[in-house]
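This report refers to the structure that appears directly beneath it.
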Amino acid sequence: QVQLVESGGGLVQAGGSLRLSCAASGRTISNYAMGWFRQAPGKEREFVAHISGGGGMRGYADYLKGRFTISRDNAKNTMYLQMNSLKPEDTAAYYCAATRNTAGSSSLRQYDYWGQGTQVTVFS
């Protein structure tokens with residue numbers, strides 16, 4: 001079992017930045033690729049970014065246009081999402097997830113473990 005706990009969400013003005021963290025426990029986290037997803041009210045959960053177990057491969061949703069950066073520190077069992085130039089449409093609950101597919105995936109169905117989410121609200 002892998003336990004995931006997100007933190008770092010909050011209220012931010014449009015154009016601002018936030019850094020989300022996802023603390024993992026329970027297994028050797030470098031054996032898992034990890035990802036960030038988000039879900040806005042009334043919408044389906046959508047892919048944001050993923051990173052391979054060793055951190056060498058990363059993938060991003062096209063709509064981000066380079067505003068977000070995913071990273072991980074396996075020594076600290078933690079993954080991060082640096083979010084810059086935030087927009088009101090980025091408002092959502094953000095979830096981290098882990099998958100045994102060590103290359104990572106943009107598909108929710110590939111992920112085995114999920115955190116409880118952290119809320120990000122961007123106001124204009």
Side-chain angles (χ1 to χ4, degrees):
Q1 289 287 336
V2 175
Q3 292 79 43
L4 303 172
V5 179
E6 302 94 337
S7 62
L11 187 65
V12 63
Q13 190 169 19
S17 298
L18 281 176
R19 189 176 80 156
L20 305 183
S21 299
C22 174
S25 61
R27 293 290 177 90
T28 302
I29 199 62
S30 59
N31 291 336
Y32 295 80
M34 299 183 74
W36 287 100
F37 294 80
R38 69 185 189 183
Q39 188 167 17
K43 295 187 177 181
E44 294 186 350
R45 193 169 297 189
E46 64 179 0
F47 167 70
V48 176
H50 67 75
I51 187 167
S52 60
M57 292 186 292
R58 309 177 191 195
Y60 296 92
D62 290 340
Y63 62 80
L64 291 177
K65 300 187 186 301
R67 297 185 296 119
F68 293 6
T69 302
I70 191 171
S71 62
R72 66 190 296 164
D73 184 341
N74 287 339
K76 295 182 178 180
N77 284 343
T78 304
M79 176 180 65
Y80 305 96
L81 185 69
Q82 178 66 43
M83 305 187 295
N84 298 328
S85 302
L86 282 161
K87 304 175 181 181
E89 50 263 44
D90 294 319
T91 294
Y94 283 72
Y95 298 88
C96 68
T99 172
R100 297 182 185 90
N101 176 356
T102 56
S105 173
S106 60
S107 172
L108 282 73
R109 290 173 291 182
Q110 290 288 322
Y111 287 82
D112 307 293
Y113 304 101
W114 291 85
Q116 294 300 305
T118 185
Q119 179 67 36
V120 171
T121 303
V122 184
F123 64 94
S124 56

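This structure is a prediction, so every number in the text was calculated from the model and none was measured.
- The nearest pair of heavy atoms linking Val12 to Leu18 is CG1-CD1, 4.0 Å.
- Contact between Ala33 and Ala103 at its shortest, heavy atoms only, is CB-C, 4.1 Å.
- Arg38 CZ to Gln119 CD: the interatomic distance, rounded to the nearest 0.5 Å, is 11.5 Å.
- Because its NZ or CZ atom is both nearer than 6.0 Å to the ring centre of Tyr80 and within 45° of the ring axis, Arg19 counts as a cation-pi partner of that residue.
- Classified by interplanar angle (parallel below 30°, tilted 30° to 60°, perpendicular above 60°), the ring pair Phe37/Trp114 is tilted.
- Among residue pairs with one or both ends in residues 48-124, those qualifying as disulfide bond (SG atoms under 2.5 Å apart) are Cys22-Cys96; sequence neighbours excluded.
- Looking only at distances, no side-chain donor or acceptor of Arg45 sits under 3.5 Å from a matching main-chain atom of Ala93.
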Mind running side-chain contact (heavy atoms from CB on, under 4.5 Å) on Met34 and Ile70 for me, showing each step along the way?
CA-CA 10 Å; Met34 299 183 74; Ile70 191 171; 5.9 Å; no
Using the side-chain contact (heavy atoms from CB on, under 4.5 Å) rule, take Met83 and Arg67 through it: C-alpha gap first, then chi angles, then the decisive distance, then the call.
CA-CA 6 Å; Met83 305 187 295; Arg67 297 185 296 119; over 6 Å; no
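- Nearest heavy atom pair, residue Ser21 against residue Trp36, reads O-CH2, 3.7 Å.
- A donor-acceptor pair under 3.5 Å links the side-chain atoms of Thr91 to the main chain of Val122, judged by distance alone.
- Under the 4.5 Å side-chain criterion, counting only non-hydrogen atoms from C-beta, Asn101 is not in contact with Tyr111.
- Using a 4.5 Å heavy-atom threshold, the side chains of Leu86 and Phe123 count as separate.
- In this structure, Tyr94 and Asp90 approach most closely via the heavy-atom pair OH-O, 2.7 Å.
- Contact annotation: the side chain of Leu4 never approaches that of Met79 to less than 4.5 Å [non-hydrogen atoms, C-beta and beyond].
- Two residues are said to be in side-chain contact when any heavy atoms from C-beta on lie closer than 4.5 Å; Ser17 and Gln82 meet this criterion.
- Atoms CG and NZ, on Leu64 and Lys87 in that order, are 9.0 Å from each other to the nearest 0.5 Å.
- The minimum heavy-atom distance linking Phe47 with Gly59 is given by the pair CZ-O, 3.6 Å.
- A pairwise comparison of heavy atoms in Ala92 and Ala40 identifies CB-N, 3.8 Å as the closest pair.
- Ring-plane geometry between Tyr113 and Tyr32 is classed as perpendicular, the angle between the planes exceeding 60 degrees on a 0 to 90 degree scale with a lower cut at 30.
- Of the residues listed (Thr78, Asp73, Val2), the one engaging Ile29 in a side-chain contact (heavy atoms from CB on, under 4.5 Å) is Val2, and it is the only one.
- Within 6.0 Å of atom CD in Gln1, 12 or fewer heavy atoms from other residues, nucleotides or ligands are found, so the atom counts as exposed in its surroundings.
- Counting heavy atoms from C-beta on, the side chains of Gln39 and Tyr95 come closer than 4.5 Å.
- A donor-acceptor pair under 3.5 Å is absent between the side-chain atoms of Asn74 and the main chain of Gly54, judged by distance alone.
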Audit row: Glu6, Leu20, side-chain contact (heavy atoms from CB on, under 4.5 Å) steps and yes/no
CA-CA 7 Å; Glu6 302 94 337; Leu20 305 183; over 6 Å; no
Does the side-chain contact (heavy atoms from CB on, under 4.5 Å) test come out yes or no for Tyr63 and Glu46, once each step is laid out?
CA-CA 11 Å; Tyr63 62 80; Glu46 64 179 0; 3.4 Å; yes
